[in-house]
Asker: 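Supplied in structure tokens, the structure appears directly below.
In what follows, chains carry the letters A, B, and so on, assigned in the order in which the sequence lines appear, proteins first and then strands, with residues in each chain numbered from 1. These numbers come from a predicted model, not from an experiment.
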Amino acid sequence: MTDRDERKDAIHRLIADFNKKGIEVSEETRFAQDLEWDSLTVMDFVAAVEDEFDIIITMNRAAEIETVGQLIDAVGELQG
Amino acid sequence: MTADAGKPAPRGTAPDLFDKFQPLIDVRENLLATGVTDPFNLVMERVESPTVAICNGKRTILLGTYNYMGQTFDPDVLAAGHKALDEYGSGTTGSRVLNGTYQGHRECEEALKRFYAMDHAMVFSTGYQANLGIISTMAGKDDYVILDIDSHASIYDGCALGNAQIVAFRHNDVDALEKRLKRLPTEAGKLVVLEGVYSMLGDTAPLKEMVAISKAHGAMVLVDEAHSMGFIGENGRGVAEEQGVLDDVDFVIGTFSKSVGTVGGFCVSNHPKFEILRLVCRPYVFTASLPPSVVATAATSIDKLRGAADKRAHLWANSKRLHGGLKSLGFTLGTETPQSAIIAVIMPDLERGAAMWEALLQEGLYVNLARPPATPAGMTLLRCSLCALHSEEQVGEILGMFEAAGKRVGVI
């Protein structure tokens with residue numbers, strides 16, 4: 001299992017905690033449009049991702065992340 | 001000019017730039033279709049005092065202004081304004097750094113320095129511009145601004161105007177703030193932005209813990225005390241004073257449009273290099289300064305707020321009584337205990353919130369109807385802002401009006 005696969009698994013697990021509507025999630029799933037999360041849910045989810053990987057995702061960076069796949073790659077970059 | 005001037009642009013495939021506002025247009029139209037008075041377009045036809053106005057031809061108790069200390073009709077404040085208007089004219093015509101600094105601006109800054117016992121004070125044209133200017137100027141590229149997620153729009157707009165990296169943390173969550181500070185690069189510049197009182201729910205911040213953690217991680221701290229100045233703290237200096245951390249705060253931001261009772265904004269600080277901001281802060285440099293009559297009223301009002309202990313005590317008594325009374329009537333409030341002059345009454349949804357707002361207006365009471373995006377967590381609420389000049393009888397009247405309106409609308 002690659003590092004990216006491990007990150008992907010962890011992120012899918014975190015998404016599941018917030019995916020109250022049970023929407024099917026792929027790497028192309030968009031957080032705002034497809035998962036229909038409000039801003040408070042997004043903030044809590046971002047905080048959960050930050051805690052899981054011990055990173056900071058600034059609001060500037062978060063604004064560029066639209067899909068699950070982009071988040072998996074961004075977390076990899078932020079981990080260095 | 002061509003013959004087509006004044007006609008709408010041809011509608012090709014490009015979208016109408018107003019399309020993005022359509023959801024809000026729909027919400028507003030649907031709300032007004034229910035027959036309520038437009039809650040965002042109330043006109044005060046005559047103002048009789050800080051607590052009473054004529055609205056829609058009816059005597060109305062004002063419980064939705066920010067006139068916490070009731071200074072708008074103070075005779076000394078008004079006299080100072082009249083005198084300045086006569087002596088200096090109606091406007092300044094310019095920026096503070098060119099022809100817009102008058103003797104009154106200096107006197108107003110001296111009054112602020114006396115009030116906060118700080119070395120420096122800078123007056124802006126509004127509180128919004130004070131946040132916009134200080135945050136965007138202080139935090140540059142590669143610096144970090146760490147802010148509470150429920151921060152006021154002027155704080156977010158200050159972040160947007162600058163180039164810094166922005167990090168938000170959950171509202172009033174000390175651990176969340178600490179976790180984020182720990183993860184930031186040690187060598188990076190950091191500005192933690194907090195508010196003393198958060199204006200929608202009227203709750204106060206745990207500044208004692210938050211300021212200590214911020215300083216321990218090498219961050220500078222800015223506290224917006226817009227909704228606490230004059231009222232909270234032994235000398236009315238705000239929540240930072242009350243919690244004993246004012247000396248550790250690098251910047252206090254405030255406004256003249258609330259307890260001071262006029263209009264304008266400011267920043268006070270003890271930083272030895274503070275004065276350079278007058279040359280580099282764009283919302284200070286590139287805007288007209290406040291008119292002499294306004295800074296004269298502000299200076300007089302600020303000096304009077306220092307000695308207003310009796311007013312503070314009366315306002316606290318009003319806040320406790322209104323909070324307890326509304327709770328006993330069965331309303332859901334924004335805070336468990338009264339924490340400020342703001343008492344937020346949570347409504348189940350926008351429709352019943354608007355109906356309740358209208359029913360209160362019919363009873364003769366004006367409050368603020370607040371809804372997203374101004375409110376946290378999608379809430380609709382009726383925001384009550386008490387004034388030190390509300391009498392005991394008026395607080396009793398207000399409770400009676402809430403009971404009658406609440407039963408009529410079915411909220412209680």
Side-chain angles (χ1 to χ4, degrees), chain A residues 3-4 6-11 13-23 29-68 70-80, chain B residues 20 23 135-136 139-151 153 155-186 188-193 200-201 217 219 371-380:
Chain A
D3 288 350
R4 191 177 190 285
E6 284 176 17
R7 283 201 306 277
K8 183 176 174 178
D9 282 355
I11 285 170
R13 182 168 40 77
L14 293 171
I15 290 172
D17 294 341
F18 293 89
N19 188 9
K20 303 296 178 203
K21 293 181 179 169
I23 292 163
T29 303
R30 296 167 302 175
F31 292 101
Q33 296 95 327
D34 299 330
L35 293 174
E36 299 174 28
W37 287 353
D38 59 30
S39 57
L40 202 62
T41 307
V42 169
M43 193 205 64
D44 283 342
F45 172 69
V46 169
V49 174
E50 288 178 326
D51 290 348
E52 173 78 22
F53 297 100
D54 196 23
I55 54 172
I56 284 274
I57 303 175
T58 64
M59 292 177 82
N60 321 46
R61 188 67 194 260
E64 296 167 357
I65 301 170
E66 287 183 8
T67 67
V68 172
Q70 288 170 353
L71 177 64
I72 295 166
D73 292 331
V75 167
E77 286 171 33
L78 289 166
Q79 281 182 310
Chain B
K20 56 183 163 293
I135 295 169
S136 64
K141 191 173 174 296
D142 301 327
D143 296 329
Y144 287 84
V145 178
I146 305 95
L147 54 84
D148 187 294
I149 192 80
D150 284 356
S151 292
I155 292 171
Y156 276 103
D157 292 355
C159 293
L161 190 67
N163 297 312
Q165 297 297 311
I166 311 302
V167 177
F169 65 90
R170 184 175 255 281
H171 177 55
N172 272 352
D173 188 331
V174 178
D175 293 338
L177 168 64
E178 185 168 29
K179 250 191 246 176
R180 273 145 198 83
L181 282 168
K182 269 184 187 166
R183 290 184 193 136
L184 293 176
T186 318
K190 306 172 193 83
L191 177 68
V192 172
V193 179
M200 281 299 139
L201 297 179
H217 287 84
R371 55 177 290 271
T375 53
M379 277 190 269
T380 295

Asker: For B:Ala176, is it the side chain, the backbone, both or neither that has a heavy atom under 4.5 Å from a heavy atom of chain A?
Answerer: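 Contact with chain A involves no heavy atom of B:Ala176 at all.
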
Asker: With sequence neighbours excluded, what pairs up with A:Arg4 under the salt bridge (charged side-chain N to carboxylate O under 4.0 Å, His left out) test?
Answerer: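 Per chain and number, A:Arg4 pairs via salt bridge (charged side-chain N to carboxylate O under 4.0 Å, His left out) with A:Glu27, A:Asp73.
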
Asker: Under 4.5 Å, counting heavy-atom pairs only, tell me which of A:Ile55, A:Leu40, A:Val46 racks up the most with chain B.
Answerer: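 Most pairs with chain B among the choices: A:Ile55.
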
Asker: By side-chain contact (heavy atoms from CB on, under 4.5 Å), which residues pair with A:Ala48, not counting sequence neighbours?
Answerer: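 With sequence neighbours excluded, A:Ala48 shows a side-chain contact (heavy atoms from CB on, under 4.5 Å) to A:Leu14, A:Phe18, given in chain and number order.
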
Asker: Can you pull out the donor-acceptor contacts between chain A and chain B, under 3.5 Å, including backbone atoms?
Answerer:
from	atom 1	to	atom 2	distance (Å)
A:Asp44	OD1	B:Arg170	NE	3.1
A:Asp44	OD1	B:Arg170	NH2	2.9
A:Asp44	OD2	B:Arg170	NH2	2.5
A:Glu50	OE1	B:Arg180	NE	3.0
A:Glu50	OE1	B:Arg180	NH2	2.8
A:Asp51	OD1	B:Arg183	NH1	3.4
A:Asp51	OD1	B:Arg183	NH2	2.7
A:Asp51	OD2	B:Lys179	NZ	2.9
A:Asp54	OD1	B:Arg183	NE	2.9
A:Ile55	O	B:Arg183	NH1	3.4
A:Thr58	OG1	B:Gln165	OE1	3.2
A:Met59	N	B:Ile166	O	2.6
A:Asn60	OD1	B:Ile166	N	2.8
A:Asn60	ND2	B:Ala164	O	3.0

Asker: Just give me the residue among B:Leu184, B:Ile146, B:Ile149, B:Ile166 that pairs up with chain A most often, heavy atom to heavy atom, under 4.5 Å.
Answerer: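 So the answer, after comparing B:Leu184, B:Ile146, B:Ile149, B:Ile166, is B:Ile166.
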
